[in-house]
Amino acid sequence: MFLKTQLTWNVLIPAENLDAEGLVLQKAILVRLLDDFATKKTSKDIGYLLAITTLDHIGEGIVRQHSGDLLFPVEFSCITFKMFPGEVLEGVVHRILKHGVFLRCGPQEIVYLSHLKMADFQYVPGENPFFRNEKSSKIEKGTVVRFEVLAEKYVEAEREFQAVVSLEDSQSIKVAKNLKNLHGKSP
């Protein structure tokens, strides 16, 4: 789910980047904020950091004694993405294994759908493996699938989220088949 969030971060501006003109300083703060934002990537509490939408307030700078650098408290709004248990989303299959498939959903790459959570689907091995059910619905690489989020966890070391999802509801399977047809591919 996409969320609009307001954050307050401290932005450090090195002394050599300081200039007497206010606009140059404001630009330096914004550039540093954007760089820090891109580097951080995720937050356990609010999910993937996608985009800064507004710069709401730049507080008064505090001089750091030993370096002469300035530390500015900055308030800004941003868009984030985080999955929640019970939420229904869509993802694209990017890897198929005998015991399930991995999907991508927004910026999240590790969304696992176990074969145990795919009602009536059977694994079909081969050069391009896939899952098929009695209704001839096919889940293969590139298929768009609607799923329900069962659980999500944050892996601190990799700054990534992982999710386990389900297709247990037969409507999800029908939607997945119909979405595949919309993209001009046969089920």
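Every value quoted in this text rests on a predicted model; they were computed, and no experiment measured them.
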Hey, is CZ on R64 packed in by over 12 heavy atoms from elsewhere, all under 6.0 Å?
-> no
When Q108 is tested against each of K82, E152, Q162, E160 for side-chain hydrogen bond (donor to acceptor under 3.5 Å, both in side chains), which residue passes?
-> E152
Taking the side chain as every heavy atom from C-beta outward, state whether F72 and N10 have any pair of such atoms under 4.5 Å apart.
-> no
Between C105 and M83, which heavy-atom pair has the shortest distance, and what is it?
-> CB-CE, 3.4 Å
Common cluster, V149/F2, ILVMFWY with side-chain heavy-atom separation under 4.5 Å | yes
Do the side-chain N and O atoms of Y48 and T80 include a donor-acceptor pair separated by under 3.5 angstrom?
-> no
For R146 and L89, indicate whether the former's side chain and the latter's backbone hold a donor-acceptor pair under 3.5 Å.
-> no
Check: F161 and V155 side chains under 4.5 Å, non-hydrogen atoms | no
Under 3.5 Å, is there a donor-acceptor pair between the D45 and S43 side chains?
-> no
In the single-linkage hydrophobic clustering (I, L, V, M, F, W, Y; side-chain heavy atoms under 4.5 Å), do L150 and L113 co-cluster?
-> no
Donor-acceptor under 3.5 Å (H94 side chain, E109 main chain) = yes
Here the gap from T143 atom OG1 to E90 atom CD, rounded to the nearest 0.5 Å, amounts to 12.5 Å
With distance as the sole test, does E87 use its side chain to make a donor-acceptor pair with the main-chain N or O of F84 at under 3.5 Å?
-> yes
Let me see the working for F76 and T54 under side-chain contact (heavy atoms from CB on, under 4.5 Å), right down to the final yes or no.
-> CA-CA 6 Å; F76 62 96; T54 59; 5.8 Å; no
Min side-chain heavy-atom separation E75-W9 under 4.5 Å = no
Does S114 reach the side chain of H99, with side-chain heavy atoms less than 4.5 Å apart?
-> no
Which heavy atom of V11 sits nearest a heavy atom of I29, and at what distance?
-> CG1-O, 3.9 Å
Nearest heavy-atom approach of S137 to N133 is N-OD1, 2.9 Å
Yes or no on salt bridge (Lys or Arg N to Asp or Glu O under 4.0 Å) for D36 and R32, after CA distance, side-chain angles and deciding distance?
-> CA-CA 6 Å; D36 291 350; R32 184 60 183 247; 3.3 Å; yes
Do T42 side-chain atoms and G47 backbone N/O form a donor-acceptor pair below 3.5 Å?
-> no
May I ask you to establish whether K138 and F130 are in a cation-pi arrangement, using a distance under 6.0 Å from NZ or CZ to the six-membered ring centre and at most 45° from the ring axis?
-> yes
Regarding N128 and E140, is there a side-chain donor-to-acceptor distance under 3.5 Å anywhere?
-> no
Applying the 4.5 Å side-chain criterion to the ILVMFWY set and letting contacts propagate, would Y123 and F147 be lumped into a single cluster?
-> yes
Would I46 and I52 show up in the same hydrophobic cluster when neighbours are defined by side-chain heavy atoms closer than 4.5 Å?
-> yes
Does the side-chain contact (heavy atoms from CB on, under 4.5 Å) test come out yes or no for Q26 and I58, once each step is laid out?
-> CA-CA 8 Å; Q26 189 173 12; I58 299 174; 3.9 Å; yes
Going only through I, L, V, M, F, W and Y residues with side-chain contacts under 4.5 Å, is there a path from M1 to I110?
-> no
Between the CG atom in D120 and the CD atom in Q122, the distance rounded to the nearest 0.5 Å is 8.0 Å
Show your reasoning for whether side-chain contact (heavy atoms from CB on, under 4.5 Å) applies to L55 and L30.
-> CA-CA 8 Å; L55 182 58; L30 181 58; 4.1 Å; yes
Is the closest side-chain heavy-atom distance between D56 and S77 below 4.5 Å?
-> yes
Do M118 and F131 touch side chain to side chain, with heavy atoms closer than 4.5 Å?
-> yes
Residues P85 and A151: closest non-hydrogen pair is CG-CA, 4.4 Å
Side chains of V145 and L167: does their closest heavy-atom pair fall under 4.5 Å?
-> yes
Evaluate the side-chain proximity of L97 to F102: yes if any heavy-atom separation is below 4.5 Å, no if none is.
-> yes
Working to the nearest 0.5 Å, report the span between CD1 of I62 and CG of D69.
-> 13.0 Å
Verify the neighbour count for atom NZ of K44: are there more than 12 heavy atoms of other residues, nucleotides or ligands below 6.0 Å?
-> no
Interatomic distance, CG@L103 vs CD1@I139, rounded to 0.5 Å, equals 8.5 Å
Could you pull out the closest heavy-atom pair between C78 and L7, with the gap in Å?
-> SG-CD1, 3.8 Å
